[in-house]
Amino acid sequence: MATQAGPQPVVAAERSQKPSGTLLIGLSLGYFMVLLDLTIVAVALPAISQSLNVGLSALEWVTNGYTVTFAALLLTAGWLSDRFGGKRIFLIGLVAFGVLSGASAAVNSLGALVGLRLALGVAGALLLPASLAIITNAYTVPAERARAVGSWAAITGAALAAGPVVGGLLTESVGWRAIFLVNVPLALISLVITVRLASETARKPRSGLDLTGQLSAVVALAALVYALIEGPAKGWTDTAVVVAFAIAVLAAAIFVGAEIRAGDTAMLPPRMFQRGGFTAALVAGLLANFGLSGLLFVLSLFFQDSRGYSASVAGLAFLPLTIPTAINPIFTGRLVGRIGPRVPATIGFVLMGVGALIQAPFTGDSGLALAATVVGLLVFGFGISFALPALVAGVASTVPTEFAGIGAGTLNSARQVGASLGVAVLGVVLSQASSNASGTRLALIVGGVVLLAGALIAGTGLRGRTPA
């Protein structure tokens, strides 16, 4: 009897220490909210344009105001998560995101809206790496951690595609301001769960904040996005545009030099690039969001301006893209666990590229054109559901464990840089075209080619098997 009773308390203790599934839901909900805000604005853009009386370039700033600060500050957010604890940073980000979202619903001018979008990007940047750091800390068994990361990616990946659907329905039924108010209850639920169930992550002793790297990164991205957005209206030879391009190049060079000199104390430690697959995952992540955000921006305007859809119908038109992202990532997570991220990511990029190109020849409103839109978005959605979880797993398997928070920040920073560039570059394509339909056609071709290039990078650069 003594030998049977001995091990039972140990088993009970191990089970009691297993992370609660509710914790994973709470963390994923916070991240879901952040990614939802990246895409929920898309379908509301025409309504915002009419309400605030602004044009195409202003709409690009409404979208990119969020992604610019989000992308530029994710690396610093990873540093803050490692330095001060993931739970503390996550809670600060949640409170700020909820408050700023409520304020965004009350604005009456473009300047105020863009300013709040910039601030929301800062709050969102705090949430993303901190949530993954908490998951990494909570799930100590590698197999359980892999499943948790896969579930986290699966739940939150759906937000990218659900945004247009939710945004369209809210804009049509309540008004465009409701797309910001929806964040408030989501933030509160995530806050309650995290406060109750999350444990603080270990604080890693690191040197002071890499101000040179951070400032140069912000300046480089902001200057590049400014030049791409304002170039079509001002002219590519306009002094302000030319100066902005020059500042972007100079700031990027300063950033690279600062990171090399700082070594492991840098905002982006060069040692992270020594393991195979990390650089490929970053480039692939950039191209994935270039295609996704660019397509959402272009098609949201096309559906309403050229096909005459209402906001709710335009949002529902994205349902074929939404469905695969809500279901397939669970399968993708298991597939990545068995064979590694290379094959799933490559399949995903091929499907995304084909999904965009299928729609390009059909920018009318015939039955064939509508069928091409449905099929193209469905294929694109399956591509997202393969590519994004695979890239998350690819980074998690290549960065040193002590850089878990900043590794997550780096991947998502690359992705949001891609999102900003996708909206800006494809916005240039739209602005130079003779009509919205012809601009949409060319933009889909450009996006499709970029995504097929992502398939080549994923297929040759990512690892075939995730290390144990």
Side-chain angles (χ1 to χ4, degrees), residues 34 37-38 41 45 54-80 96-97 100 104 109-126 128-129 209-259 266-268 282 285-287 289-290 293-294 297 409-428 431:
V34 171
D37 217 57
L38 287 169
V41 174
L45 290 176
V54 295
L56 178 62
S57 63
L59 295 180
E60 291 180 65
W61 279 116
V62 171
T63 299
N64 277 339
Y66 182 79
T67 54
V68 164
T69 51
F70 190 24
L73 295 173
L74 273 171
L75 296 177
T76 293
W79 181 91
L80 291 170
F97 205 93
L100 291 169
S104 297
S109 69
L110 174 67
L113 181 58
V114 172
L116 285 167
R117 293 287 287 167
L118 290 167
L120 274 167
V122 177
L126 295 178
L128 194 152
L209 181 62
D210 179 12
L211 286 176
T212 301
Q214 178 60 86
L215 291 175
S216 59
V218 172
V219 171
L221 181 57
L224 178 59
V225 170
Y226 173 87
L228 290 173
I229 290 178
E230 299 297 332
K234 295 179 178 295
W236 297 109
T237 58
D238 180 81
T239 301
V241 174
V242 173
V243 170
F245 274 124
I247 290 175
V249 172
L250 178 61
I254 292 174
F255 173 78
V256 172
E259 303 309 280
M267 181 175 64
L268 181 58
L282 295 187
L286 185 151
L287 297 181
N289 273 44
F290 180 102
S293 294
F297 179 79
T410 304
L411 171 63
N412 287 282
S413 180
R415 286 176 53 189
Q416 302 321 316
V417 168
S420 296
L421 295 179
V423 172
V425 171
L426 297 188
V428 170
S431 67

message: If you apply the rule side chain to side chain contact (heavy atoms under 4.5 Å, CB included), what do you find for Val241 with Leu228, and how did you get there?
response: CA-CA 8 Å; Val241 174; Leu228 290 173; over 6 Å; no
Working for side chain to side chain contact (heavy atoms under 4.5 Å, CB included), residues Trp236 and Val428: CA-CA 11 Å; Trp236 297 109; Val428 170; 3.7 Å; yes
message: Set out, in order, the CA-CA distance, both residues' side-chain angles and the distance that settles side chain to side chain contact (heavy atoms under 4.5 Å, CB included) for Leu74 and Thr410, then state yes or no.
response: CA-CA 7 Å; Leu74 273 171; Thr410 304; over 6 Å; no
- request: Apply the test side chain to side chain contact (heavy atoms under 4.5 Å, CB included) to residues Leu426 and Phe297: give CA-CA distance (whole Å), side-chain angles for both, the deciding distance (0.1 Å), then the verdict.
  value: CA-CA 8 Å; Leu426 297 188; Phe297 179 79; 5.7 Å; no
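Rounded to the nearest 0.5 angstrom, Leu128 CG and Leu73 CG are separated by 12.5 Å. Taking OH of Tyr66 as the reference point, atom CG of Leu100 lies at 10.5 Å (rounded to 0.5 Å). Note that the CG atom of Leu113 and the OG atom of Ser104 stand 6.5 Å from one another [nearest 0.5 Å]. The distance from the CG atom of Leu221 to the CZ atom of Phe70 is 12.5 Å, given to the nearest 0.5 Å.
Nearest heavy atom pair, residue Val225 against residue Ser420, reads CG2-CB, 4.0 Å. The two residues Ala258 and Gly213 come nearest to each other via the heavy atoms CB-N, 4.4 Å. Smallest separation of non-hydrogen atoms from Leu126 and Leu80: CD2-CD1, 4.0 Å. Ser57 approaches Ile229 most closely through the heavy-atom pair O-CG2, 3.8 Å. When every heavy atom of Leu224 is checked against every heavy atom of Ala248, the shortest pair comes out as N-CB, 3.8 Å. Counting all heavy atoms, side chain and backbone alike, Ala72 lies closest to Val218 at CB-CG2, 3.6 Å.
Annotation: side chain of Thr67 is not in contact with side chain of Ser293 (no heavy-atom distance under 4.5 Å). In this structure the side chain of Asp37 reaches within 4.5 angstrom of the side chain of Phe97, judged on heavy atoms. The closest side-chain heavy-atom distance from Leu250 to Phe245 is not below 4.5 Å. Taking 4.5 Å as the limit, some side-chain heavy atom of Ile254 sits within range of a side-chain heavy atom of Thr212.
Between the Thr63 side chain and the Glu60 main chain, no donor and acceptor come within less than 3.5 Å of each other. A donor-acceptor pair under 3.5 Å links the side-chain atoms of Ser413 to the main chain of Ala71, judged by distance alone. Judged by distance alone, the side chain of Arg117 and the main-chain N or O of Val62 form a donor-acceptor pair under 3.5 Å.
Using bins of under 30°, 30° to 60° and over 60° for the plane-to-plane angle, the ring pair Tyr226/Trp61 lands in the tilted bin.
Of the candidates Leu411, Leu421, Asn289, Asn289 is the only one forming a side chain to side chain contact (heavy atoms under 4.5 Å, CB included) with Gln416.
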